Q: 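Starting off with a structure, shown below.
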Protein chains: 2
Amino acid sequence: MADIAAHIDIPCQRCKVRNRAICAALEDDQLVDLNAISEHITLERERTVFFESDPADYLFNIIDGHVRIHKSLADGRRQITGFLYSGDFLGLSVAGMYPYGAETITPTTFCRFSRKGLTKIIEKYPAFEHNLLQLASHELAAAQEHVLLLGRKTAVERLSSFILNVTAKQHGGLDNGTAILPMTRQDIADYLGLTIETVSRTFTRLKKGGAIRLPEPDLVEIASLDQLEDFALGESTI
Amino acid sequence: MADIAAHIDIPCQRCKVRNRAICAALEDDQLVDLNAISEHITLERERTVFFESDPADYLFNIIDGHVRIHKSLADGRRQITGFLYSGDFLGLSVAGMYPYGAETITPTTFCRFSRKGLTKIIEKYPAFEHNLLQLASHELAAAQEHVLLLGRKTAVERLSSFILNVTAKQHGGLDNGTAILPMTRQDIADYLGLTIETVSRTFTRLKKGGAIRLPEPDLVEIASLDQLEDFALGESTI
DNA sequence: ACGCCAACTTGACCTAGGTCAATGAGCGGA
DNA sequence: TCCGCTCATTGACCTAGGTCAAGTTGGCGT
């Protein structure tokens, strides 16, 4: 079985996110099974991947592009609960439904698995479920960090934390340099529990305070990492 | 093996939370293994179970009592991320550390498992890890609901949602009746991202608005479920 | 080259909820 | 039973961030 697999061409082996995505749980020769239940799909910018409460028939890995997940209230108030990037996983369900909606921000290519197929993979390779649990624990910790941000941080602290997170994510853990903001100010506001005006004013304050540069609205450069970290932790005020 | 187990006395079989806690993932005869790595411990009220960032050497099931989990900022601002009750599970870790601190609210008895021992159980019974994933997905959805509450709901909406949740949890999904609030107003404030004064004033508003009765500070009765649900969803104002 | 449109920024003013301070209400200990 | 807690409530005032309303900027289609 493994010998056969080693000699046939498994597209998954050449996948851009092979080692960062959930498929990293499997060995090269086990990818045949995963490959059999996956397909690539591409969506334009600002398209719905799935709605909140939809039956959760698929799980997704983002190969390329940017996605936001959100929950909304009946009157239209929206809370973005996360921004997802290349390599990220989405689609964990509760009671067979997605507990949040997902939309593309930029044109995005996904690797899509059927839930049924994945259930069989999990039965065959328990390591897969182990990785899913690791991933869910990680997301849970991130959500709790988000709760702390929304419940107890000021606007300056929220935006500073956000810039640090985005930068770290785009540089694989490195906390400095430049970050691209693929999302709009409205998206950032809905993620940080603020209004678009407050986000804009706070960018200006961070800029004038010397923590960041903003050569273009969707390009942040960290001018002083120390200062930005102090702002993020509430250890310094503008 | 199973026959032997069926005839020996396994304390787990008689446990109060046998069917509600994580041990529900195992059959009666499999409990021997779980029993071998678990021990009961009891803490007084207002005691630390573990600190944020402690090495995550144990996982816990609450048998009886009330627990809060929280994250804090350097200057002392605190955000409670959850209240846990009898049957609830805690201790999922990220990078070998607890991502939040845990404290008892009332005297609490736990069933404590060593992480190492549980790892072996998981290898033997994959159903256990499956249940942990279900549980983590559920907690993740709850955390995202909390994010929505903190990011986009008013004080009245937050407290109404909270009362409905507590009531539902204490009655196993039933949304009405009376609920005991084992936590202080400060705890509620730190959970809802408000101050103690705003929580108190908002209780008074809900009371005067006819949605709840408050015979004692730690006893809420839902006077009008419809009204409270409308408040929680932001579909009606006081 | 121009006009349109969407996204962003800025200013003036407002309000939900925070802060500060006083008062009440229950409860355990001597 | 009275004292000294801790916890909860209420009032008066304040402020961070929201709301409303202009501008500004840049990209894109013609």
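Side-chain atoms are counted along with the backbone in the values below, which use heavy atoms only and exclude waters and symmetry mates. Source: prediction; values computed, not measured. In what follows, chains carry the letters A, B, and so on, assigned in the order in which the sequence lines appear, proteins first and then strands, with residues in each chain numbered from 1.
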Q: Please determine, for the side chain of L194(B), which listed nucleotide (dT9(D), dC8(C), dG18(C)) has the closest atom?
A: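 For L194(B), the side-chain atoms sit closest to dG18(C).
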Q: Just how far, in rounded Å, is P of dT6(D) from CG of D187(B)?
A: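 That distance rounds to 16 Å.
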Q: Is there a donor N/O on one and an acceptor N/O on the other, under 3.5 Å, for the side chain of R205(A) and the base of dT10(C)?
A: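 In this structure, the two groups form no donor-acceptor pair.
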Q: Could you tell me whether D88(B) and K169(B) make a salt bridge, using a distance below 4.0 angstrom between a side-chain N and a carboxylate O?
A: yes
Q: Whole angstrom is fine here: how far is it from CD in E46(A) over to P in dA6(C)?
A: 13 Å
Q: How many Å lie between CG on L214(A) and C1' on dT10(C), as a whole number?
A: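 Distance check: L214(A) CG to dT10(C) C1' gives 15 Å.
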Q: Kindly say if S200(A) contacts the phosphate of dT10(C), meaning a side-chain N or O under 4.0 Å from OP1 or OP2.
A: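 Indeed not, no polar side-chain atom of S200(A) lies that close.
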Q: If you compare all heavy atoms of G234(A) against all heavy atoms of R77(B), which two are closest, and at what distance to 0.1 Å?
A: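 Smallest interatomic distance, heavy atoms only, reads CA-NH2, 3.9 Å.
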Q: For the base of dT19(D), is there a side-chain donor-acceptor partner from R201(A) under 3.5 Å away?
A: yes
Q: Between dT9(D) atom C1' and K207(B) atom NZ, what is the distance in whole Å?
A: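 The answer, rounded to whole Å, is 8 Å.
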Q: Any donor-acceptor pair, under 3.5 Å, between the side chain of Q186(B) and the base of dC7(D), if you only look at N and O atoms?
A: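 Looking at the base of dC7(D), it does not pair with any donor or acceptor on the side chain of Q186(B) (distance under 3.5 Å).
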Q: So what does T184(B) hit on the nucleic acid, given a heavy-atom distance under 4.0 Å: a base, only sugar-phosphate, or nothing?
A: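 Sugar-phosphate only.
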Q: Assign E216(B) to base, sugar-phosphate, or nothing according to its heavy-atom contacts below 4.0 angstrom with the strands shown.
A: nothing
Q: Between dC8(C) atom C1' and M183(A) atom CE, what is the distance in whole Å?
A: 16 Å
Q: Let's test your reading of the model: under 3.5 Å, does the base of dC8(C) pair with the side chain of E197(A) as donor and acceptor?
A: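 Under the 3.5 Å cut-off, the side chain and the base do not form any donor-acceptor pair.
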Q: With respect to the phosphate group of dG17(D), does any side-chain polar atom (N or O) of T198(A) fall under 4.0 Å of OP1 or OP2?
A: no
Q: Using 30° and 60° as the class boundaries, would you call the ring planes of F110(B) and F60(B) parallel, tilted or perpendicular?
A: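 Judged by the thresholds at 30° and 60°, the geometry between F110(B) and F60(B) is perpendicular.
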Q: Atom CD1 of residue position I180(A) - does it have more than 12 heavy atoms of other residues, nucleotides or ligands inside 6.0 Å?
A: no
Q: For the side chain of R185(B), counting heavy atoms from C-beta on, which of dA8(D), dG17(C), dT9(C) is nearest?
A: dA8(D)
Q: Starting from C1' on dG17(D), measure out to CZ on F203(A) and report it in whole angstrom.
A: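 Taking CZ of F203(A) and C1' of dG17(D), I get 17 Å after rounding.
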Q: Using whole Å, what does the distance between atom C1' of nucleotide dG17(C) and atom CZ of R158(B) come to?
A: 9 Å
Q: In Å and rounded to the nearest 0.5 Å, what is the CG to NZ distance from L148(B) to K153(B)?
A: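 Separation between the atoms: 5.5 Å.
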Q: Give the rounded distance in Å between these two atoms: CD1 of I196(B) and P of dT19(C).
A: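 Roughly 12 Å, once rounded to whole Å.
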